[in-house]
Amino acid sequence: MSQPSASRRTREEVDATLQVAKLNAAELLPTVHCLSFGSGTGGAATGDFCLLELEPALCQQLEAGDSFVIRGDKDEQAVLCSKDKTYDLKIADTSNMLLFIPGCKTPDQLKGEETPSTVVHTEIFGFSNNYWELRRCRPKIKKLKRLLMENAYEGPDSQKEEDASRSKYTTEDLLNHIQASEEEIMAQLQVLNACEIGGYWRILEFDYEIKLLNHVTQLVDSESWSLDRVPLTVCLQELGPLEPEEMIEHCLKCYGKRYVDKDEVYFELDADKICRVTAEMLLQNAVKFNLAEFQEVWQQSVPEGMTTRLDQLRGLALVDRNSRPEIIFLLKVDDLPEGTQERFNSLFSLREKWTEEDIAPYIQDLCGEKQTIGALLTKYSRSSMQNGIKVYNSRRLIS
């Protein structure tokens, strides 16, 4: 929109203003911007746009052609996701009005130009008193397991597979429902031992997963194979009549590491993973288990050649050494609240005082970038000494 000539400042008027302000024009850049608000049409109304502050790395990704997506259902706080990270979106108010000026050049850009003293008349396109800022956050992925558990896979012969109305989720479905980046979602699917069946992501029902694993370990035992050299081809030939080959291979991927030797595919079984899932099987049907008895049964239940250790159960089971006799019970970090304060509330309602060794597996995933377990404990708990050992209790009253 053009402005009346009377409203346009001349160079002489600018110089006069500088003189009144006691500023030396020689110390300033030669180009002067004269700003004005337009009237009538041509500008943008407040609310027509949002400002988003990006850190340099994200800005470079955007300029390189990458895209970001905002995720969240109506009852959730929105997050912004890049291809591999998740950010909370927060509105930041500013006392300084932010002006939108088309074609405005920054001082750094003007320094590179050799222009005579000029006056540039610019109309302000719009303005804002706030902007969105991003704060790196943990991906909100508890919901992922909850959705997949709505229809856990119990095997091809299960009657549930004939029910077309049961929930199933493709990768695209999960991207629409889960507040996390695609890489974070795919990584969590691997943690959950999920697999794609007919184009849909499924979690194996626990008993079915154990059934598959037992088939594999029994074959390894009967063939006297080394645990670090389990041949895929023979496994599929021997176990194919019992279960779908893709399920046998999926089980090997979950509990072993794939490698190729002389054009043959082998798997090196992970003893810690197998010992851990065996312990979960034993503990899931017991509220509390005598520790000594559990350790004996546990060792007898794992394949020959594997050694059970309590440190294999970090984040899965908790030992109460104050009880007599000592006991162990199932406490899965996956079942605890996702929010930091809610997580601590839940832990302190379960046990009043914790050692750092005991609580660490249950808060490790809460640590952000460059944050330590010690820093979390300092913020959300109080420490004291008990029998010469540092313990932590809640900062607030837990009902």
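Note that the structure is a prediction, hence the values are computed from the model and not measured.
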List, by chain and then residue number, the residues other than V69 in its hydrophobic cluster (Ile/Leu/Val/Met/Phe/Trp/Tyr, side-chain heavy atoms under 4.5 Å); write none if there are no others. none

For D88 and Q77, which I'm curious about, is there any donor-acceptor pair between the side chains at under 3.5 Å? no

Worked verdict on E150 versus R166 for salt bridge (charged side-chain N to carboxylate O under 4.0 Å, His left out): CA-CA 8 Å; E150 293 172 357; R166 298 187 69 87; over 6 Å; no

Sole residue of E161, E196, E154 in salt bridge (charged side-chain N to carboxylate O under 4.0 Å, His left out) with R202: E161

Test of understanding: with side chain to side chain donor-acceptor pair (under 3.5 Å), list the residues that count as partners of S323, not counting sequence neighbours. none

Minimum-distance pair of heavy atoms, taken over all atoms of M247 and C195: CE-SG, 3.7 Å

K273 to Y255 six-membered ring, cation-pi geometry met (6.0 Å, 45°): no

Which heavy-atom pair separates W201 from L174 by the least distance, and what is that distance? CD1-CD1, 3.8 Å

Measure up the H177 and Y169 rings against each other and bin them: parallel (under 30°), tilted (30 to 60°), perpendicular (over 60°). perpendicular

Sorted by chain and number, sequence neighbours left out, ring pair (Phe, Tyr, Trp, His ring centres under 6.0 Å) with W298 holds for F294

Can you say whether the rings of Y153 and Y208 are parallel (under 30°), tilted (30 to 60°) or perpendicular (over 60°)? perpendicular

Quick check: does any side chain N or O of Q284 sit under 3.5 Å from a backbone N or O of F206, one acting as donor and the other as acceptor? no

K390/E356 ion pair, N-O < 4.0 Å: no

Side-chain donor-acceptor contact under 3.5 Å, Q179 with T86: no

Do the side chains of E280 and K332 get close enough for a salt bridge, i.e. N-O under 4.0 angstrom? yes

Taken in chain and number order and not counting sequence neighbours, the residues that satisfy salt bridge (charged side-chain N to carboxylate O under 4.0 Å, His left out) with E55 are none

Linking Ile, Leu, Val, Met, Phe, Trp and Tyr by side-chain heavy atoms under 4.5 Å, what else ends up with L89? L52, L54, L58, L62, F68, I70, L80, Y87, I91, W132, L134

I need the D334 CG to I141 CD1 distance, nearest 0.5 Å. 9.0 Å

Return the CD to CG distance between E326 and N322, rounded to the nearest 0.5 Å. 8.5 Å

Pairwise salt bridge (Lys or Arg N to Asp or Glu O under 4.0 Å) hits with a residue in residues 376-389, at least two apart: none

